[in-house]
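Each chain gets a letter, A, B and so on, in the order the sequences are listed, and its residues count up from 1.
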2 protein chains.
Amino acid sequence: MKVTIDLIAQKVGVSKALVSLVINGKAKKYGISQLTCDRVMAVVRELNYKPNQMARSLRTGVSNTIGLIVSDISNGFYASMARQLEDLAANSGYNVVIGSTDENINKELRLINILRNRQVDGIILSSSQENSEELENMFKAGFPLVLIDRYFPNAGIPAVVAENSQGGATLAQHLFNQGFRNPLVLNITPSYISSVGERTSGFQKVFTDNSIVPEVVQIPFSDIYNVVYEIFSKKVKEKNLPDCVFAVNNNLATAFLSVLSKFNLAVPDDVALVCFDDLPYFSIIKPSITVVTQPLDVLCSRTFSLLMEQISNQEKVEEHETIFEPVTLITRESSIKIK
Amino acid sequence: MKVTIDLIAQKVGVSKALVSLVINGKAKKYGISQLTCDRVMAVVRELNYKPNQMARSLRTGVSNTIGLIVSDISNGFYASMARQLEDLAANSGYNVVIGSTDENINKELRLINILRNRQVDGIILSSSQENSEELENMFKAGFPLVLIDRYFPNAGIPAVVAENSQGGATLAQHLFNQGFRNPLVLNITPSYISSVGERTSGFQKVFTDNSIVPEVVQIPFSDIYNVVYEIFSKKVKEKNLPDCVFAVNNNLATAFLSVLSKFNLAVPDDVALVCFDDLPYFSIIKPSITVVTQPLDVLCSRTFSLLMEQISNQEKVEEHETIFEPVTLITRESSIKIK
DNA sequence: CTGAAAGCGCTTACAG
DNA sequence: CTGAAAGCGCTTACAG
């Protein structure tokens, strides 16, 4: 019933080694006659033979599969990332298996282990680790690994990230220029994550350089809406509203807008808003939302190239510097000061 | 360097069969002494041994991996689906590898082939096929397969979908009750896809039963915004606007809102809007958007159960009826008629 | 209680 | 030009 290379060989009346050679396009190299090739391929087609990749992988030590581990694949940003990486991978004959960590360090470590046991050829990781030790060991031991979106300074692990700090600073400068003086930063927990951490610190620096210390609140990854609600509930009661808000990611901005409408507060009149990363609806709604965007396509293609490099050059594992990709400010209505 | 079962066996001084038994928790069953177990496990931990899943799979014929194939994993609906299925799979010890088809029939067939060659234990598929023949053959040949979101009537392939027709009808009835009489349906191409097809026909029926024939326009999957723009550009010029629009999915609704704002038209005053599937921002914006939602968690858990059933009962492949899950109307501001 | 052997389906030197 | 053999790292009857 099952059609294997043995069956093909038997039907054609040759050895399975020969069949393997023909199937893998090595006929020329081994000087196999065209006639033999044709006879083999005829039967291959007739029986619709497809080599068992598992067996092939076991033998060759290459699975043509890569792993993608992010905090949450249902998050639009990571979903788009997954799609782009999937396409890049497909073009190179790779499949991608995904995993979500929910920013949980142990879940991440477990996922890495599982994927390695499954013999993925490499991993693209948006890490939630605080400490990069385990990852460094992995990388130094020669396992192909590229970090995306989040990196570890001086860890020597190849990483491709946006200029998050610059992005935060750009947004801060924009708000400052507009005349806002009482900013609130909605940051995400855990705060050691490089991307959001740098967005926040880049933002803070611009204001502190102007003698203003922005308030920063930490919002747990898992309960964004409720915590933002609590915060504003308190601020409304105390009549202590900021004049502008920096949401370090999409989810935070969406939650903020939702909370604000609950309190019948308007953007930007009551509180202005800027956000990191664009979303389709940000340009549709009134007011449209000012954002800084990162070039996801560039991030993904750079990342994938770095991974492929490692996979094909198993021998020389080099230290890598982190690659920073520039971001872009898109000024919209949500951050324009009413005169 | 590489730590295999052979190395463990050697270090402990037993056979690799014994190590395998211990590792797979069959020590009791084979009456292996506790002492031996402890000695084995000690070395396993010491060397951080992880069984090579590829080898295990080749031997057992089970990969503990499932495939998920959808039109586009970056689409929020499918991204959420992927996440829920990932979690369900993880709980049962499965990994999921993803693939996007872009509604391309050949891409879908190719992906199925690739995943099967990789020995996935089963596939969850949101199909773009017009004809179910290939899929039926696969399923009847005993390959575990469950359709999600889209099904083929009378194909006998297990499928879990929303009550799309009912959803379209609910939305139509709501609009009719509000007094709208000139509806436009924004449908997606290819139109043979069951989900959007049934949403449209369910919608149409309610109006035609009331002697109104809704206009239906087909929007190609790949170029939603531009085509919607063209359509409304023409309608505005001809002063031939509908009084309400039914967007059969999220992307269409977002594109519609975007186009409308370009023409300075307001919802619902100029044109009302209802949409299939909710999005976080739909409840935030002014006006908020009326939708019908499907219970994605139920869809996913039902689907996953059906797949597991097939995987564990390889022998008896039964015909299956399609499971329809009820939908819910959420009335918001975008469909309320101004008196 | 434990070990030797076969075999999952491939690929790759090696020999002729 | 082609075949026999070894082996990738496991698991599972089978034998003792």
Side-chain angles (χ1 to χ4, degrees), chain A residues 1-41 43-44 47-65 114 116-121 314, chain B residues 1-41 43-44 47-65 93 116-121 314:
Chain A
M1 195 62 253
K2 202 181 262 177
V3 26
T4 71
I5 201 172
D6 267 309
L7 184 60
I8 305 292
Q10 211 174 296
K11 286 251 183 197
V12 183
V14 295
S15 74
K16 54 181 189 168
L18 180 47
V19 176
S20 172
L21 260 18
V22 171
I23 283 168
N24 291 306
K26 298 185 177 169
K28 277 265 145 45
K29 191 172 155 200
Y30 283 77
I32 295 168
S33 73
Q34 190 57 49
L35 179 66
T36 310
C37 285
D38 293 346
R39 282 171 51 217
V40 170
M41 290 315 289
V43 177
V44 163
L47 272 53
N48 192 28
Y49 167 68
K50 311 278 182 183
N52 178 326
Q53 292 295 336
M54 222 115 226
R56 176 179 273 175
S57 298
L58 179 60
R59 175 61 225 241
T60 60
V62 166
S63 67
N64 283 296
T65 300
I114 290 176
R116 292 194 64 176
N117 299 349
R118 307 223 161 194
Q119 312 302 119
V120 296
D121 295 331
Q314 292 287 18
Chain B
M1 195 61 255
K2 202 180 265 177
V3 26
T4 69
I5 200 172
D6 268 308
L7 184 60
I8 305 291
Q10 213 174 296
K11 287 252 182 196
V12 184
V14 294
S15 75
K16 55 181 187 165
L18 179 46
V19 175
S20 172
L21 260 17
V22 171
I23 283 168
N24 291 306
K26 299 186 178 168
K28 279 264 144 47
K29 192 171 153 200
Y30 283 78
I32 295 169
S33 72
Q34 190 58 47
L35 179 67
T36 311
C37 283
D38 294 346
R39 283 170 53 218
V40 169
M41 291 313 290
V43 177
V44 163
L47 272 53
N48 192 29
Y49 168 69
K50 311 278 182 183
N52 179 327
Q53 291 295 335
M54 222 116 226
R56 177 178 274 177
S57 298
L58 180 59
R59 175 61 224 242
T60 60
V62 166
S63 67
N64 283 297
T65 299
R116 293 193 62 177
N117 299 349
R118 307 224 160 193
Q119 311 303 121
V120 297
D121 295 331
Q314 292 286 18

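- A side-chain donor-acceptor contact under 3.5 Å links A:Arg118 and B:Thr65.
- Side-chain contact, A:Asn24 with A:Arg56: a donor N or O sits under 3.5 Å from an acceptor N or O.
- When distances are taken from the side chain of A:Ile5 to each of C:dT11, D:dG3, D:dC10, the shortest belongs to C:dT11.
- Note: CG (B:Leu18) to C1' (D:dT12) measures 14 Å, nearest angstrom.
- An OP1 or OP2 oxygen of D:dT2 is reached within less than 4.0 angstrom by a side-chain nitrogen or oxygen of A:Thr36.
- Among the nucleotides D:dC8, D:dT11, D:dG3, the one closest to any side-chain atom of A:Val14 is D:dG3.
- Side-chain proximity of A:Lys2 to C:dG9, D:dT2, C:dT11: nearest is C:dG9.
- Between the side chains of A:Gln34 and A:Asp38, at least one donor N or O lies within less than 3.5 Å of an accepting N or O.
- Here the side chain of B:Ser63 pairs no donor or acceptor atom with the backbone of B:Ser57 at under 3.5 angstrom.
- The shortest non-hydrogen separation linking A:Cys37 to A:Ile32 is SG-CG2, 4.1 Å.
- Contact annotation for A:Lys26: backbone-only contact, meaning every heavy-atom pair under 4.0 Å involves sugar-phosphate atoms and none involves a base.
- Between B:Tyr49 and B:Val3, the shortest heavy-atom distance links the atoms CD1-O, 3.3 Å.
- Of the candidates D:dG3, D:dC10, C:dT2, the closest approach to any side-chain atom of B:Arg59 belongs to D:dC10.
- Between D:dC8, C:dT11, D:dT11, one nucleotide has an atom nearer to the side chain of A:Leu58 than all others, and that is D:dC8.
- For A:Tyr49, whose side chain is taken as the heavy atoms from C-beta onward, the closest listed nucleotide among D:dC10, C:dC10, C:dG3 is C:dC10.
- A straight line from CZ of B:Arg118 to C1' of C:dC10 spans 15 Å, rounded to a whole angstrom.
- Contact annotation for A:Lys16: base contact, defined as any heavy-atom pair under 4.0 Å involving a base atom.
- Two residues are said to be in side-chain contact when any heavy atoms from C-beta on lie closer than 4.5 Å; B:Gln10 and B:Val12 fail this criterion.
- Heavy atoms only, all atoms of each residue included: A:Leu58 and B:Ala55 are closest at CD1-CB, 3.7 Å.
- Residue contacts shown for A:Asp6 are absent, as no nucleic acid heavy atom lies under 4.0 Å away.
- Regarding A:Asn24, its CG atom lies at a distance of 9 Å from the C1' atom of C:dC10, rounded to whole Å.
- Between B:Met54 atom CE and D:dT11 atom P the separation is 14 Å, expressed in whole Å.
- D:dA13: no Watson-Crick or G-U partner with both key distances under 3.5 Å is found in any strand.
- Distances shorter than 4.0 Å separate some side-chain N or O of A:Ser15 from OP1 or OP2 on D:dG3.
- Here the C1' atom of nucleotide D:dC8 and the CD atom of A:Gln53 are 15 Å apart, to the nearest Å.
- Straight-line distance between the P atoms of C:dC1 and D:dA13: roughly 22 Å, to the nearest whole Å.
- Side-chain N/O atoms of B:Asn52 include none lying less than 4.0 angstrom from OP1 or OP2 on D:dC8.
- Atom pair B:Asn64:CG and D:dT11:C1' shows a separation of 14 Å (rounding to whole Å applied).
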What protein N or O atoms touch nucleotides 13-16 of chain C N or O atoms at under 3.5 angstrom, if any, and at what distances?
none

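- Here the P atom of nucleotide C:dC10 and the CD1 atom of A:Ile23 are 8 Å apart, to the nearest Å.
- Distance, A:Lys50 NZ to C:dC10 C1': 17 Å, rounded to whole Å.
- The nucleotide D:dA4 finds no pairing partner, because no Watson-Crick or G-U wobble arrangement with both distances shorter than 3.5 Å includes it.
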